[in-house]
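In each ligand, atom 1 is the first atom listed, and ligand 1 is the first ligand listed. All values below come from the heavy atoms of this structure, side chains included, with hydrogens, waters and symmetry mates left out. Fair warning: this is a prediction, and the values are worked out from it, not measured in the lab.
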Amino acid sequence: MPAERDRIRSHRRGATRPAVTTRADRPRSLILTSLLATVLLGLCGGTLYGNLRATRAADAHRTSLAVDSLFAQARDAVTLEESHLRRYRVEPADPVRVAFVRAAGAVNAALEQAGRRGDPKALRAARRLLTEQRAYREAGDRLIDGSARTDPAGDGPYRTLQSDVDAVSRTYGGAAADQADRLFQTQRRTVFGTVVGFTIGMTLVAMIWRLVLGYQRRLLANVAASQRLALHDFLTGLPNRALFGRRLQDVVDAARADPSRRLALMVLDLNGFKAVNDTLGHQAGDQLLEVAGQRLRDAVRDVDMVARLGGDEFAVVLPDVDNVGQVRLIAERINEVLRSDFQVAAGPAAVSASIGVVTGPTDAGADDLIRHADTAMYRAKARGGGVAYYDARTDREVPDRMSLFGELRALLDAGDPWVELGLYYQPQVRLSDGTVSSVEALVRWHHPGRGLLMPDEFLPLAEARGLEIRLTYHLLDAAVEQAAAWYLGGSPRVVAVNVSPRCLVDDDFVARVIAAIDGAGLPPRLLRLEISENGMMNDSQRALAALHEIHDQGVQLSIDDYGTGFSSLEQLKRIPADELKIDRSFVRDIVTDAGDQVLVRSTVAVAHAVGLLAVAEGVEDLAALTVLADLGCDFAQGYATSPAVAAADVPAACRQAEQRARRSAAA
Ligand code: C2E
Ligand code: CA
Ligand code: CA
């Protein structure tokens with residue numbers, strides 16, 4: 001059994017965990033995007049800067065090259081100038097002189113241009129060389145016109161010029177090579193920076209992409225999870241009523257399209273589930289529902305759909321069945337698995353199922369199928385559980401439960417203006433002297449269309465769908481008013497009112513009871529609240545506190561249907577009750593069944609031991625009254641003395657009950 005629960009737990013984890021986008025993702029994506037922007041900006045700036053530097057370096061390089069070539073030209077022209085001068089000395093002809101002058105002009109032109117193109121340093125060098133050239137030229141001119149006999153080549157001016165122009169030219173040659181080197185370095189750095197920046201950028205893009213894809217994936221998972229939540233029951237993970245309705249409609253449509261297809265629908269309700277909730281608590285009830293859901297799923301085929309319609313109500317859609325035998329087999333299996341004991345944290349729990357089955361093909365729509373299965377289910381429930389198959393002939397008479405529930409709710413909403421809900425009162429006789437001092441109020445519904453309805457026909461509906469608290473309060477007010485009327489009329493009677501167990505944990509319960517007696521002016525001792533054994537044993541501290549509070553006000557309390565629950569003597573002692581009503585199933589055969597006599601005797605002993613009066617209910621014949629008196633019972637109630645009657649007939653019914661009781665005692 002623990003394995004059964006573990007499986008369910010793991011299934012619930014899977015079913016309900018929604019994929020959430022983490023908050024940490026958001027700052028991460030922000031950081032990544034800012035990083036990417038920074039890197040891109042850096043890349044842009046770096047590339048621009050690199051290009052600028054490269055352009056500048058290229059310019060400088062070009063200038064250096066030009067200056068270098070101009071100084072080289074000047075140096076070559078100086079050499080030419082000198083060679084012409086040397087030749088003139090050997091061959092003093094005009095053309096040689098002209099060539100010398102042209103070469104000197106070329107030196108000037110090259111140096112002037114180098115001064116203009118180059119940087120200030122080049123300008124200074126050019127000016128110095130021009131001065132030296134001028135000196136050399138003057139020496140040459142002097143040689144040519146014969147005013148000087150010395151050879152200027154052998155002299156200082158030429159050597160100075162020659163070596164200076166050489167040095168300058170070499171310097172600028174080196175500078176140009178340096179510039180070229182620098183240009184190359186700059187270009188290499190720019191390319192390297194660009195590649196690194198690009199790589200980082202691409203990595204960031206990939207990271208952002210991954211993040212975005214992650215978002216997207218989680219978003220899709222979220223959508224899927226919320227879709228699942230909307231269509232599934234949180235507790236059991238089974239499809240809910242909405243999904244069930246869709247699936248059934250699909251199956252009905254498919255069956256209509258293909259008349260050879262057979263389908264079946266089962267609606268089931270757990271018997272005794274309320275008792276589990278009331279005695280073991282809601283948590284135990286939830287655990288039982290989970291396990292029941294799992295067992296149902298295991299009991300059907302893969303193609304079948306099990307859904308939880310709400311509360312302890314489930315449905316199974318069988319879309320494709322071979323024959324009725326197969327449906328029967330599955331229904332019986334479901335019946336079996338739900339009957340075997342449930343092990344919940346609070347202890348063992350037992351329920352059974354009422355299963356209504358309808359099979360197709362049928363002209364009926366999905367709604368009709370549900371109604372038919374529902375009707376069959378109620379027939380099964382009326383029989384005490386098991387499987388019932390819808391039969392159009394027998395089930396036609398059964399009132400439609402859903403609409404009956406709707407009518408009851410509307411009636412309570414309107415405050416029951418025509419008093420359709422009426423209370424009947426059944427006298428309770430004291431066995432020692434045959435007197436009647438109290439009556440039990442029992443509800444009847446005078447339904448305008450359906451006639452007189454007994455509690456069994458509508459109370460289970462109210463209890464299954466959460467209307468029983470309002471109904472109880474409504475009837476409590478009516479009973480208290482009637483009790484007050486008898487009291488004020490001079491014939492006080494204790495009126496016993498049946499209270500639905502769930503009222504005990506309702507916040508308004510104590511206040512409603514006190515308001516009812518205060519409002520009607522009824523002494524509290526004339527009201528007795530009957531709560532079933534199962535409801536009383538609800539261990540909730542709240543329920544116990546409510547009972548104590550009411551009892552302290554003077555209101556009497558009675559434990560109803562005793563023997564049908566599982567209360568211990570220990571629990572019994574804790575309840576502030578005044579009387580204990582032995583369930584009619586132990587009383588029915590009391591005259592003939594020795595076993596029941598033993599049970600009743602011991603129950604009476606238990607009641608007396610904890611200070612309670614013992615009441616036998618469902619006493620149908622007068623002989624039983626004598627037996628019960630012998631067994632030590634204090635009170636008796638049943639058809640033997642009087643059925644429940646309308647308020648107006650109560651005085652007569654009480655007189656009749658007293659007469660019968662006395663007659664039986666005398667006999
Ligand atoms: P209960 O509290 O055990 O009420 C006694 C039931 O036994 C009544 O059925 C009564 O008519 C029936 N009864 C009385 N004498 C005999 C007898 O000699 N033999 C047999 N076989 N039955 C007898 P009823 O009125 O149909 O009520 C059924 C149940 O409905 C009640 O069982 C009670 O649990 C619930 N109920 C009735 N009236 C109210 C009400 O006003 N409020 C609430 N919350 N529940 C009510
Ligand atoms: Ca009762
Ligand atoms: Ca009872």
Side-chain angles (χ1 to χ4, degrees), residues 274-275 278 382 408 412 416 419-429 438-446 452-464 466-483 494-504 506 509 512-513 516 527-536 556-565 577-591 603 614-625 628 635-647 653 657 660-661:
K274 229 170 64 62
D278 292 341
L408 181 59
L412 289 175
D416 190 14
V419 201
E420 286 178 32
L421 294 171
L423 286 171
Y424 276 41
Y425 300 87
Q426 185 176 38
Q428 192 177 313
V429 294
S438 52
V439 293
E440 178 180 1
L442 295 160
V443 66
R444 305 286 180 262
W445 185 356
H446 300 274
L452 184 72
L453 298 181
M454 298 303 277
D456 289 351
E457 291 176 86
F458 58 92
L459 274 184
L461 279 178
E463 300 203 334
L467 206 58
E468 77 276 27
I469 297 180
R470 286 181 61 197
L471 181 64
T472 296
Y473 292 158
H474 178 84
L475 296 172
L476 172 75
D477 289 344
V480 167
E481 254 170 53
Q482 182 57 61
V494 174
V495 173
V497 177
N498 290 284
V499 170
S500 285
R502 231 170 278 176
C503 292
L504 297 191
D506 179 52
F509 179 56
R512 286 297 296 253
V513 173
L527 174 65
R528 186 186 301 140
L529 300 183
E530 290 192 7
I531 298 148
S532 74
E533 181 192 9
N534 286 335
M536 279 269 195
Q556 297 187 44
L557 294 176
S558 173
I559 301 170
D560 205 356
D561 305 333
Y562 186 77
T564 57
D578 302 279
E579 95 181 3
L580 186 147
K581 294 183 88 168
I582 303 166
D583 190 67
R584 53 183 178 276
S585 55
F586 301 97
V587 176
R588 198 181 52 212
D589 303 323
I590 194 76
V591 179
T603 308
V615 184
E617 61 176 16
V619 186
E620 292 185 354
D621 57 285
L622 288 171
L625 287 179
L628 288 164
F635 293 90
Q637 181 185 338
Y639 299 156
T641 45
S642 169
V645 297
R660 286 185 179 177

Students often mix this up, so state it plainly: with edges at 30° and 60°, are the rings of His446 and Tyr424 parallel, tilted or perpendicular?
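Rings of His446 and Tyr424: tilted, as their planes differ by 30° to 60°.
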Mind checking whether the Ca ion (ligand 2) has an N, O or S of Ser532 under 3.0 Å?
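Within the cut-off used here (under 3.0 Å), Ser532 places no N, O or S atom near the Ca ion (ligand 2).
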The Ca ion (ligand 2) to nearest N/O/S of Glu617 below 3.0 Å
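Looking at Glu617, which is the residue asked about, there is no N, O or S atom under 3.0 Å from the Ca ion (ligand 2).
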Side chains of Asp506 and Tyr473: is there a donor and an acceptor less than 3.5 Å apart?
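Yes, side-chain donor-acceptor contact under 3.5 Å.
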Looking at [X], which of its N, O or S atoms is the nearest one to the Ca ion (ligand 2)?
X: Glu530; answer: OE1
X: Asp560; answer: OD2
X: Glu440; answer: OE2

Could you pull out every N or O of ligand 1 that sits under 3.5 Å from a protein N or O, with the distance for each pair?
from, atom 1, to, atom 2, distance (Å)
ligand 1, 2 (O), Glu440, OE2, 3.2
ligand 1, 2 (O), Asn498, OD1, 3.0
ligand 1, 2 (O), Asp560, OD2, 3.0
ligand 1, 3 (O), Asp561, OD1, 3.3
ligand 1, 3 (O), Arg584, NH1, 3.1
ligand 1, 7 (O), Arg584, NH1, 3.1
ligand 1, 15 (N), Gln426, NE2, 2.9
ligand 1, 18 (O), Tyr639, N, 2.9
ligand 1, 19 (N), Glu620, OE2, 2.7
ligand 1, 21 (N), Glu620, OE2, 3.0
ligand 1, 25 (O), Arg444, NH1, 2.9
ligand 1, 25 (O), Arg444, NH2, 3.1
ligand 1, 38 (N), Val443, N, 3.1
ligand 1, 42 (N), Asn498, O, 3.3
ligand 1, 44 (N), Asn498, O, 3.3

Closest non-hydrogen atom pair between Val495 and Ala479, with its separation:
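In terms of heavy atoms, the two residues are closest at CG1-CB, 4.1 Å.
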Lys/Arg-Asp/Glu bridge criterion (N-O < 4.0 Å) met for [X], [Y]:
X: Arg588; Y: Glu620; answer: no
X: Lys581; Y: Glu533; answer: no
X: Arg528; Y: Glu579; answer: yes

Are [X] and [Y] packed together at the side-chain level, in the sense that at least one heavy-atom pair is separated by less than 4.5 angstrom?
X: Val497; Y: Leu475; result: no
X: Gln428; Y: Glu617; result: no
X: Trp445; Y: Leu421; result: yes

Hey, which N, O or S atom on Asp561 ends up closest to the Ca ion (ligand 3)?
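Atom name of the closest N, O or S in Asp561: OD1.
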